[in-house]
Amino acid sequence: DTKTVVALVGNPNCGKTTLFNELTGSNYDVGNRIGVTVESKKGICRYNKNMLIVDLPGIYSLSPNSAEEIITHDFIINEKPDLILNIVDATNLERNLYLTTQLAETGVPMVIALNMADAVKKNGFEINANMLTKRLNIPSVPISASKCIGIEKLIKECNLGGNTQNQIKYNAEIERAISALCLKNKISRFYAIQLTEKNDTETHIAQARYKFIKSVAADCVKIIGQNRQFLLTEKIDSIAMHPLFAIPIFILVMFCVFQITFGTFGS
Ligand code: GDP
Ligand code: MG
Ligand code: K
């Protein structure tokens, strides 16, 4: 078969199944948090019949530890899809980009679907997808899988084949360890990083990833309104501090103190 295999990869609840249904015209249950999806679903893309879409179990990390991680990791590494369509919950950008940095190191071409674009605006944020594309060197398309927004542009980017590059330059010590492992064991940079992640420098690698992600997010995320949560706490604060609210409370408290002290009330 000469079909282009596109693997849907992302965190749990980022909208993989919703997008899979939209792309393939299927009708699988979405938002099912109970029980784990450890099987992968396959379907022909209705926008490009030459494209086979594979919905893989949701994962936070590519290290093969849990059942979901093993299935998704093995599919990417052993079956080598033609493209990883990395679905990112844009309302939770930083957490989702952790997996993105790991996926980018596999060497498989990638396209990012910045999903939940509709919810991002409601939360008072804006994400500059062009800047994200530039910073990661991976085409990023804002979409809403549930509202069918941005799907055409996403397919267009997938048809172009995606792009990938090792994104993170680790510190000199880690880079030396990675290079040494590559040479000694004749393995790829991806495997060398995985081996390095397994031993005591794991936290250094995780830290480097988070540092990189923070700088990317700082460049791409803009607050347009006020975050709803922020707005709520601010409202509570302003009500409590408002003179129209504070003055009657003050008078009431003083009245009670007066009554307790002199006990004139009712006598
Ligand atoms: P999966 O775990 O990655 O397969 O995620 P699902 O497809 O099951 O979706 C998780 C939840 O997110 C469901 O309640 C979906 O309806 C919702 N969802 C998916 N895509 C979008 C979107 O673009 N916008 C919004 N607001 N919700 C979405
Ligand atoms: Mg799912
Ligand atoms: K789900």
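Indexing begins at 1, ligand by ligand and atom by atom, following the structure's order.
- Between C14 and ligand 1 there is a heavy-atom distance shorter than 4.0 Å.
- When each of N96, I87, I59 is checked for a side chain to side chain contact (heavy atoms under 4.5 Å, CB included) with N11, only N96 meets the rule.
- Proximity to D118 (heavy-atom distance under 4.0 Å) selects the following atoms of ligand 1: 22 (C), 23 (O), 24 (N), 25 (C), 26 (N).
- Within the 4.5 Å cutoff, side-chain heavy atoms of V88 are placed close to those of L114.
- Residue side and main chain included, T17 places an N/O/S atom under 2.8 Å of the Mg ion (ligand 2).
- Grouping the Ile, Leu, Val, Met, Phe, Trp and Tyr side chains by contacts below 4.5 angstrom, directly or via other members, places I155 apart from I149.
- For the pair C182 and A192, the tightest heavy-atom approach, listed with the atom from each and the gap, is SG-CB, 3.7 Å.
- Closest heavy-atom approach to atom 4 (O) of ligand 1 within the set D89, N115, V120, T17: this belongs to T17.
- The distance criterion of under 3.5 Å between nitrogen or oxygen atoms is not met by P12 with respect to ligand 1.
- At a 3.5 angstrom cut-off on N or O pairs, G15 counts as close to ligand 1.
- Closest approach of G15 to A145, counting heavy atoms only: O-CB, 4.3 Å.
- The closest non-hydrogen atom to atom 28 (C) of ligand 1, taken over M116, K147, K16, E22, comes from M116.
- Looking only at side-chain heavy atoms (C-beta outward), R209 and Y170 come within less than 4.5 Å of each other.
- Interface of S144 with ligand 1, defined as ligand atoms under 4.0 Å from a residue heavy atom, comprises 22 (C), 23 (O), 24 (N).
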